[in-house]
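The model shown is predicted, which means the values in this text are computed figures rather than measured ones. In what follows, chains are A, B, ... by sequence order, proteins preceding strands, each numbered from 1.
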Amino acid sequence: MRMSDRYVPQEIEPRWQAKWEETGIYRVKEDPDKTKFYFLTMFPYPSGDLHIGHWYVMAPSDAAARYRRMQGYNVLFPIGFDAFGLPAENAAINHGIHPKEWTYKNIERMRKQLRSMGAMFDWDREVVTCEPDYYKWNQWFFLKFFEKGLAYKKRAPVDFCPTCNTTLAREQVIEPDRVCERCGTPVIKKEMEQWFLKITDYAEELLDFSKLDWPERVKVLQTNWIGRSTGVQFRMEVKDHPDKSFEVFTTRPDTVYGVTFAVLAPEHPLVDELTTPEHREEVEAYKYKAARQSEIERLSTEKVRDGVFIGAYAINPMNGEAVPIFIADYVMMTYGTGAIMAVPAHDERDFDFARRYGLPIRVVIAPPDWDGGELEGAYTGKGVMVNSGPFDGLSNKEGWEKIADYMEEHGIGRRAVQYRLRDWLISRQRYWGTPIPVVYCEKCGIVPVPEDQLPVRLPDDAEFRPTGESPLKFHEEFLHTTCPKCGGPAIRETDTMDTFVDSSWYQYAYVSPYYDKAPFDPERGKYWLPVDQYTGGVEHATMHLLYTRFFTKAMRDLGLVDFDEPMVRLFNQGIILGPDGNRMSKSRGNVIAPDPLVKQYGADTVRAYLMFIGPWDQGGPWNPQGIEGVHRFLNRVWALVVEPGPEAGGKPEDAALTELRRMTHKTIKRATQDIEAFKFNTMLAALMSFTNYLTKAKGTAVYGTPEWDEAIRNLLLLMAPLTPHIAEELWARTGGEYSIHQQSWPTWEEELTKEETITLVVQVNGRVRDRVEAPADITKEQAKELALASKGAQRHTAGKEIVKIIYAPGRLVNIVVR
RNA sequence: GCCGAAGUGGCGGAACUGGCAGACGCGCACGACUCAAAAUCGUGUGGGUUUAUCCCGUGUGGGUUCGACUCCCACCUUCGGCACCA
């Protein structure tokens, strides 16, 4: 008897974790002789508890990283904490704990929980974003961006929660009803001076995914988010105002002859100048209402498209017609030019509006079978142009180009591209974030803090009051400073940065944590970068993943990196649901916590079950009984390896040994192909089948042969990435050299995986009628003969005419009869 | 409304390039061990029926094909994203 002959994960797991730590097998260094592999999984926010969702992204990532390592790559698999953010500050406001204390306590706790997972994280490279040595570089990036014109300040409306009395990050506004995620209060808009990063400069390049091996889904989400549309921008003169005109953007220049009115956004700068006295009162009222509109909850699902005539007329440059100008809040100042040409016949919104105000609806694209009568609704399909002067008779597709050409030739307008993407608003009226390194001087205006004065430290002794203003505003020492330019009195910016800034470049920090001359050591960066494989949730598709791509492109243009994309491959895992099939939430009471499961079953079982539950990108409900099955499997493997087999089995038959080797090599092949494609569920199924096979074979004479040892050895090696502790323990018990995690991934011999005989399926008219054993190298003619002779085929072909026989090599014969 | 993904046993899911549908696991049933139970092990497990040399079956309806979960067309349902973007 050794220490224990039963599988007790609670005993072996901490023991091996300690040994791994002690021997430092997971610490990596740049090694020019080895091919690097940078495997990155999204770093967690230190919320205080590692939940099953963290496990679901990290455990399979760890398995995949371990596999790469066994394949001989020099694998960088770092971990850190996304440590700035709102919850820390809320804890301060609600419970009087300092955000820093709260954060570091949580980090401490989560480090322990993460270690219990048995992952191969290189803890020496840990990065914590709330450290001044980290956020200093956020500030440095900001300054560089500012120099390049990529960071700028402007007035903009932000989301504000009147109950919490604070502004919210965009991601903290829950969408359908636009309510505060913390208290459920409807969010209102507030105009404030804000800092922006000019991500729109890269809009076009961000649409290019050719250098990325990313899920189609994410690419589609980003493409839609960026929202590129092509059209024509042209100028409309205002009647009786020779010096006034405005630009409109349209994607439908082919409908320009159908313009019967024009609409300006209520905030459009020309509105005041063009409004005639008799309409002024109504216009002012509408503008006021529209401004308030955004403050009032947009409760109604039915959008009422209303507006007001301002008393002026715009000239359609194509036909010289004067059409009335309205203001309406369905036209946004933030998109395009803030003004549109309205073609009610061919745009649903314009149609609604025209109906409401009795404006003419002029058809210029004839719908199929159109009788010339009135339309029931806007017709947005294709058709032949009518009522369009010289362009009549053209298909609208042709007309689109012809009219665009005409406008360009006559200097009326030009082809233009518009994006839905807006610049990235990074100002937060919050304490627990990176101070924006700018001071305001009465004399010099906005002055960036010089590089050598970084970091602008976040003072610890702030006071937390739910006043809606950053505590920094009340911190006299922080607030008052001297102007770096003129030395006169100045005031610091008290807003902090969006925490997405922190996560936009953390992958670079890992290559040389807290390097003090640059965001990262260029030498080491050259070796490790870019990230080869990234894993994390799809919920970051249009935020983090877009921001970090933007950062990398901006960094490239600053000369920091020489590649275009931060992460070459991306994998989005799914979401683990509660046992009831719903999203886990405390209020539903369906939350599965990993810690008690680790205690009960061990980390290996939890890891393996998460991988076995289904395809990794699919997620799915947690089945409390399902985990038992995986646990049983590990117990069976344990018994297979540890429990003594039968005594004298006699001499094994050659055929039995051949089969054993075939099973071994087939399993290596399947498992390798599966893990390569992140198909952990089928990989485990293969390992289970193999284990079941070996358990049966153990009672026969093959037990104890070299072939048997090969089988066990390989089984453990294949399990090592998935269930690192039990694999290590059994490896040691079978005399393997420490550590199994430093062994090479097994390879298979294709010859050995091949069956000697195949089961030939015999079909008649596509229906299975028999199965016959045949040698693997059977010829087409032999196969046909064999099939025809089979009982099942005889039964179903008797008395019928054979039309043809199809042979799918190695698989089946289909006899077609009439 | 627009964009995207997915529908396979009681359940999670598997199926290479169009070639044996349901691997593996859960659950269930029966059996072994036990005084008994748990655990463990073994056997069975899509449905129907005339229990077979049979029929039906991968959301629905059609199509292509010797052959369709797989390809094409139309539709239904569920989930996710965007939402007055001109």
Side-chain angles (χ1 to χ4, degrees), chain A residues 175-176 215-225 227-229 231-233 248-252 255 263 265 298 303-305 328-332 334-343 346-350 352-353 380 418-422 538-539 541-542 574-575 581 609 612-615 617-618 620-630 632-633 635-636 639 670 673 679 681-692 695-696 759-771 791-792 794-796 798 803-817:
Chain A
E175 255 318 326
E216 213 43 48
R217 190 153 162 234
V218 175
K219 294 196 267 184
V220 168
L221 283 172
Q222 291 201 348
T223 303
N224 292 346
W225 185 262
R228 182 185 204 269
S229 45
V232 165
Q233 192 168 315
V248 298
F249 173 75
T250 181
T251 55
R252 294 294 305 273
T255 65
V263 186
R298 289 164 21 185
K303 274 159 203 142
V304 184
R305 286 183 189 114
D329 62 6
Y330 80 87
V331 174
M332 247 83 34
T334 47
Y335 183 80
T337 59
I340 61 160
M341 65 172 210
V343 185
H346 305 294
D347 181 280
E348 276 164 42
R349 293 153 303 177
D350 298 346
D352 274 7
F353 195 87
T380 55
Q418 286 292 336
Y419 302 94
R420 209 188 69 104
L421 183 72
R422 304 288 150 79
V538 73
E539 67 272 18
T542 53
I575 299 167
Y609 178 57
F612 187 63
I613 209 162
D617 55 1
Q618 207 177 293
W622 179 270
N623 178 356
Q625 278 163 333
I627 194 172
E628 297 275 357
V630 174
R632 270 175 224 159
F633 160 65
N635 269 302
R636 279 202 296 276
R670 267 187 73 183
Q673 289 173 344
K679 286 158 86 176
N681 57 330
T682 49
M683 178 185 181
L684 270 157
L687 298 181
M688 285 172 173
S689 296
F690 189 42
T691 302
N692 293 345
T695 301
K696 269 187 194 140
T759 306
L760 201 61
V761 172
V762 181
Q763 292 186 339
V764 178
N765 285 351
R767 310 176 88 105
V768 179
R769 297 302 184 188
D770 213 335
R771 294 177 178 88
K791 272 190 188 161
Q794 292 283 314
R795 263 196 319 273
H796 290 272
V803 182
K804 62 173 159 178
I805 301 174
I806 284 125
Y807 175 57
R811 291 176 204 274
L812 61 69
V813 176
N814 189 11
I815 305 162
V816 185
V817 299

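In this structure the side chain of A:Val343 never reaches within 4.5 angstrom of the side chain of A:Arg252, judged on heavy atoms. A heavy-atom distance below 4.5 Å is not found between the side chains of A:Asn623 and A:Ile613. Residues A:Val764 and A:Arg795 are not in side-chain contact: their nearest non-hydrogen atoms beyond the backbone lie 4.5 Å or more apart.
Between the C1' atoms of B:A32 and B:A37, the separation comes to 15 Å (whole Å). On the P atoms, B:C82 is 43 Å away from B:A21, given to the nearest whole Å. Taking the C1' atoms as reference points, B:G27 lies 35 Å from B:C75, given to the whole Å. Straight-line distance between the P atoms of B:G46 and B:C24: roughly 12 Å, to the nearest whole Å. For the C1' atom pair drawn from B:A15 and B:U60, the interatomic distance equals 23 Å after rounding to whole Å. To the nearest whole angstrom, the two P atoms, one in B:G22 and one in B:U58, are 14 Å apart. Comparing the P positions of B:C28 and B:A38 gives a spacing of 11 Å, expressed to the nearest Å. As rounded to the nearest Å, B:A83 and B:G4 have C1' atoms that lie 15 Å from one another.
For A:Arg636, the CZ atom sits in a packed shell: over 12 heavy atoms of surrounding residues, nucleotides or ligands are nearer than 6.0 Å. Counting non-hydrogen atoms of neighbouring residues, nucleotides and ligands closer than 6.0 angstrom, the CD atom of A:Glu348 reaches no more than 12 such neighbours.
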Exercise for the section: Carefully, step by step, assess A:Phe612 and A:Leu687 under the rule side chain to side chain contact (heavy atoms under 4.5 Å, CB included). Expected result: CA-CA 11 Å; A:Phe612 187 63; A:Leu687 298 181; over 6 Å; no
Problem - side chain to side chain contact (heavy atoms under 4.5 Å, CB included) between A:Asp347 and A:Phe353, worked out - result: CA-CA 10 Å; A:Asp347 181 280; A:Phe353 195 87; over 6 Å; no
Exercise for the section: Go through the steps to decide whether A:Leu684 and A:Val630 satisfy the test side chain to side chain contact (heavy atoms under 4.5 Å, CB included), and finish with yes or no. Expected result: CA-CA 9 Å; A:Leu684 270 157; A:Val630 174; 5.6 Å; no
Practice task
Check step by step if side chain to side chain contact (heavy atoms under 4.5 Å, CB included) holds for A:His796 and A:Ile815.
Solution key: CA-CA 10 Å; A:His796 290 272; A:Ile815 305 162; over 6 Å; no
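If you run side-chain hydrogen bond (donor to acceptor under 3.5 Å, both in side chains) between A:Arg305 and each of A:Asp329, A:Asp350, A:Asp352, only A:Asp352 comes through.
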List, with names and distances, any nitrogen or oxygen atoms from the protein found under 3.5 Å away from nitrogen or oxygen atoms belonging to nucleotides 38-41 of chain B.
{"residue": "B:U40", "atom": "OP1", "partner": "A:Arg632", "partner atom": "NE", "Å": "3.4"}

Which atoms of nucleotides 1-9 of chain B (N or O only) lie under 3.5 Å from a protein N or O atom, and what are those distances?
{"residue": "B:C3", "atom": "O2'", "partner": "A:Asn224", "partner atom": "ND2", "Å": "3.0"}

Nucleotides 12-16 of chain B: which of its N/O atoms have a protein N/O under 3.5 Å away?
{"residue": "B:G12", "atom": "O2'", "partner": "A:Ile613", "partner atom": "O", "Å": "2.5"}
{"residue": "B:G13", "atom": "OP1", "partner": "A:Gln618", "partner atom": "NE2", "Å": "2.6"}
{"residue": "B:A14", "atom": "OP1", "partner": "A:Asn681", "partner atom": "ND2", "Å": "3.2"}
{"residue": "B:C16", "atom": "O2", "partner": "A:Arg811", "partner atom": "NH2", "Å": "3.4"}
{"residue": "B:C16", "atom": "N3", "partner": "A:Arg811", "partner atom": "NH1", "Å": "2.6"}
{"residue": "B:C16", "atom": "N3", "partner": "A:Arg811", "partner atom": "NH2", "Å": "3.1"}
{"residue": "B:C16", "atom": "N4", "partner": "A:Arg811", "partner atom": "NH1", "Å": "2.8"}

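The shortest distance between the side-chain N/O atoms of A:His796 and the OP1/OP2 oxygens of B:C54 is below 4.0 Å. Between A:Ser229 and the phosphate of B:A86, there is a side-chain N or O to OP1/OP2 separation shorter than 4.0 Å.
Within 4.0 Å (heavy atoms only), A:Thr337 reaches no atom of the nucleic acid at all. Across all strands shown, A:Leu221 has heavy atoms under 4.0 Å from sugar-phosphate atoms exclusively, and none from any base. Among the protein residues, A:Val803 comes within range of no part of the nucleic acid, since none of its heavy atoms lies under 4.0 Å from any strand. Contact annotation for A:Asn635: no contact, since no heavy-atom pair falls under 4.0 Å across all strands. Across all strands shown, A:Met688 has heavy atoms under 4.0 Å from sugar-phosphate atoms exclusively, and none from any base.
When base pairs are accepted only as Watson-Crick or G-U wobble with both N-N or N-O distances under 3.5 Å, RNA chain B takes part in stems of 3 or more pairs at B:1-7 with B:76-82, B:10-12 with B:24-26, B:27-32 with B:40-45, B:46-48 with B:54-56, B:59-63 with B:71-75.
The nearest whole Å value for the distance from the CE atom in A:Met683 to the C1' atom in B:C24 is 14 Å. Nucleotide B:C20 holds its C1' atom 17 Å from the CG atom of A:Asn765, rounded to whole Å. One can place CG of A:Asn814 at 11 Å from C1' of B:U65, the figure rounded to the nearest angstrom. Atoms CD (A:Gln625) and C1' (B:C28) sit 11 Å apart, rounded to a whole Å. Counting to the nearest Å, the P atom of B:A83 and the CE atom of A:Met332 are 11 Å from each other. Taking atom OH of residue A:Tyr807 and atom P of nucleotide B:C20, one finds them 14 Å apart after rounding to whole Å. Rounding to whole angstrom units, NZ of residue A:Lys219 and C1' of B:G80 are separated by 19 Å. The interatomic distance linking A:Ile806 (CD1) with B:G67 (C1') rounds to 7 Å, in whole Å.
Listed candidates were B:A86, B:C24, B:C85. Nearest to the side chain of A:Arg422 is B:C85. Between B:C55, B:G19, B:C24, one nucleotide has an atom nearer to the side chain of A:Asn692 than all others, and that is B:C24. Here the side chain of A:Val816 is nearest to one of B:C24, B:A21, B:C66, namely B:C66. Closest to the A:Arg767 side chain, of the nucleotides B:C55, B:A21, B:C82, is B:C55.
For B:C20, its base never sits under 3.5 Å from the side chain of A:Arg769 at any donor and acceptor pair. Below the 3.5 angstrom threshold, one finds no donor paired with an acceptor across the side chain of A:Arg349 and the base of B:C84.
Looking at A:Tyr609, its side chain never comes within 3.5 Å of a backbone N or O of A:Gly629 through a donor-acceptor pair.
Two residues, A:Thr695 and A:Gly626, neighbour RNA chain B, and the one matched to the more 5' nucleotide by heavy-atom proximity is A:Gly626.
Because its glycosidic torsion is more than 90° from 0, B:G63 is reported here as anti. Applying the 90° cutoff around 0 to the glycosidic angle, B:U17 is assigned anti.
Contacts of A:Val761 classified as side-chain contact (heavy atoms from CB on, under 4.5 Å), with partners at least two apart in sequence or in another chain: A:Gln763, A:Val768, A:Leu812. For A:Asn814, there are no side chain to side chain donor-acceptor pair (under 3.5 Å) partners two or more places apart in sequence or in a different chain.
Here OG1 of A:Thr251 is found 10.5 Å from CD1 of A:Ile340. Values are rounded to the nearest 0.5 Å.
Taking both residues in full, the closest heavy atoms of A:Ser229 and A:Tyr335 are given as OG-OH, 2.9 Å, listed atom of the first, atom of the second, then distance.
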